[in-house]
2 protein chains.
Amino acid sequence: MSLTIGALSRQAQVKVPTIRYYEQIGLLAEPSRTEGQQRRYGQDDVRRLNFIRHARELGFEVEAIRQLLDLTGTPDRSCGEVHDITKAHLAEVKDKIARLTALRDELEAMVTCDHRRISECRIIEVLADHGQCQHAEH
Amino acid sequence: MSLTIGALSRQAQVKVPTIRYYEQIGLLAEPSRTEGQQRRYGQDDVRRLNFIRHARELGFEVEAIRQLLDLTGTPDRSCGEVHDITKAHLAEVKDKIARLTALRDELEAMVTCDHRRISECRIIEVLADHGQCQHAEH
DNA sequence: CTTGAACCTCTAGTCACTAGAGGATGTAGG
DNA sequence: CCTACATCCTCTAGTGACTAGAGGTTCAAG
């Protein structure tokens, strides 16, 4: 019933070197080994790795995931800390969206230049002179 | 009329180690030196570094900036390539916004959990089970 | 001539992996 | 039992765009 690292990789959709990396940084426990030193995993590892992968997909940093995993070890405590971590992450995501949106608008305004010579290109002009930006605050 | 690296740093709003880094990777030319090997810059360097800083603020990668700077060296050519680079970057920005927005919605749905015990927390549940996501495609 | 801020080079660290070298193990088929 | 060979092992180095720090030198003001 034990899984090789390759089988775990397929089940959790996480690449083999990434699994070893997660073990190295302590996100995954060191698994049991065969006599020939090959890793063997169980269903707990599959669940834990799925949790990690999903959190990464949702953009959580490894440190945040480490904390979330630690918290799952104390199921009776209030989930206030879990919320704090998630809300902090959500705030970062919103902040990134805001900055990227401003950036997008700036770029949209720039590409309105019709194709001419580089010496007259609006894109180059804006890049060379910050004052030509719509919003000054970046 | 020549500037020290510190003066250039203040004028272009780029940190000193970053200027040296740009020189190392070839974005800035090697400047002249004093007898004691200290760098001295001119107004051309200020303009070039301002261009670089502004492009970085707009999220262009160093490789793209390198190409844009090369293109400014051929002012009579059509600015088609400049547009191509900018449009490609804009597309990436839009793509990032789309992914972050999906992510934000997912996180918003998760934090609707009212504070309970970790063993019943909706955030932990969703993280542990991808199937509970609103959108399956991440 | 002295002080001390600013400069110099070089190495290593950041984050979350990814790639590759060079070799060992495990398992399926014959 | 033996042979392929896919998969596994460890280790080092690379990615992007810087940032930090050590240990030493230069420049300009007073």
Side-chain angles (χ1 to χ4, degrees), chain A residues 1-28 30-41 45 49 51-69 88-89 92-93 96 99 103 138, chain B residues 1-28 30-41 45 48-49 51-69 85 88-89 92-93 96 99 103 138:
Chain A
M1 273 306 301
S2 70
L3 301 166
T4 65
I5 197 168
L8 175 63
S9 168
R10 283 184 292 277
Q11 284 210 22
Q13 296 281 79
V14 174
K15 288 177 190 160
V16 170
T18 304
I19 295 173
R20 286 197 277 251
Y21 169 71
Y22 286 159
E23 177 185 329
Q24 192 189 313
I25 62 172
L27 271 195
L28 286 177
E30 294 187 14
S32 58
R33 302 267 186 153
T34 62
E35 283 196 6
Q37 291 306 108
Q38 296 200 356
R39 293 168 176 82
R40 289 295 181 269
Y41 296 92
D45 297 305
L49 188 52
F51 185 102
I52 295 169
R53 191 213 56 206
H54 198 199
R56 287 291 302 132
E57 283 171 351
L58 287 168
F60 285 93
E61 291 180 6
V62 164
E63 268 322 298
I65 296 173
R66 196 190 302 277
Q67 291 173 43
L68 289 170
L69 283 167
H89 176 47
E92 272 172 35
V93 169
K96 268 189 198 162
R99 275 183 284 117
L103 222 154
H138 64 246
Chain B
M1 277 301 305
S2 70
L3 302 166
T4 66
I5 198 169
L8 175 62
S9 169
R10 283 184 292 278
Q11 284 211 22
Q13 297 280 80
V14 174
K15 288 176 190 159
V16 169
T18 306
I19 295 174
R20 287 197 276 253
Y21 169 72
Y22 286 160
E23 177 185 329
Q24 192 190 313
I25 63 171
L27 270 196
L28 286 176
E30 295 187 13
S32 57
R33 301 270 186 150
T34 63
E35 281 194 7
Q37 291 304 108
Q38 296 199 356
R39 293 169 177 82
R40 288 298 178 267
Y41 296 92
D45 296 306
R48 192 175 174 93
L49 188 51
F51 185 102
I52 294 168
R53 190 213 57 204
H54 197 197
R56 286 292 301 133
E57 283 171 352
L58 288 167
F60 285 93
E61 291 179 7
V62 163
E63 267 321 298
I65 296 172
R66 197 191 300 278
Q67 290 173 43
L68 289 170
L69 283 167
I85 292 169
H89 177 46
E92 274 173 33
V93 170
K96 269 190 198 162
R99 273 182 286 119
L103 222 152
H138 62 248

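Below, read A as the first sequence line, B as the second, and so on, with proteins coming before strands; counting in each chain starts at 1. All heavy atoms count here, side chains included; hydrogens, waters and symmetry mates do not.
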side-chain N/O Y22(A) vs dC17(C) OP1/OP2, d < 4.0 Å: yes
Rounded distance (Å) that lies between atom P of dA16(C) and atom CZ of F60(A): 13 Å
Length of the CD-C1' vector between Q24(A) and dA16(C), whole Å: 11 Å
T34(A) side-chain N/O to dG26(C) phosphate OP1/OP2 under 4.0 Å: yes
Phosphate-side-chain proximity, K15(A) and dC17(C), N/O vs OP1/OP2 below 4.0 Å: no
Nearest-Å distance for atom pair OH/P, residues Y21(A) and dA13(D): 18 Å
Length of the line joining L49(B):CG and dC18(D):P, which is rounded to integer Å: 11 Å
Whole-Å gap separating P (dA6(C)) and CZ (R40(B)): 13 Å
Atom-to-atom span, CZ of R20(B) to P of dC10(C) - whole angstrom: 12 Å
Nearest-neighbour nucleotide for the R56(B) side chain, dC18(D), dT9(C), dC9(D) considered: dC18(D)
Under 4.0 angstrom between T4(A) side-chain N/O and dG26(C) OP1 or OP2: no
Presence of R39(A) side-chain N/O under 4.0 Å of dC8(D) phosphate oxygens OP1/OP2: no
Length of the line joining R33(B):CZ and dC7(C):P, which is rounded to integer Å: 12 Å
Short side-chain N/O contact to dT18(C) OP1/OP2 from T18(A), under 4.0 Å: yes
Which residue lies more 5' along DNA chain D, comparing Q38(B) with R10(A) via nearest heavy atoms: R10(A)
Whole-Å gap separating C1' (dA6(C)) and CD1 (I5(B)): 11 Å
NZ/NE/NH1/NH2 to OD/OE distance under 4.0 Å, E92(A) and K96(A): no
Most 5' of G6(B) and G36(A) on DNA chain C, judged by nearest nucleotide: G6(B)
Consecutive Watson-Crick or G-U pairs in runs of at least 3, all under 3.5 Å, in which DNA chain D is involved: C:1-30 with D:1-30
V16(A) side chain, from C-beta outward: closest of dC17(C), dC8(D), dT19(D): dC8(D)
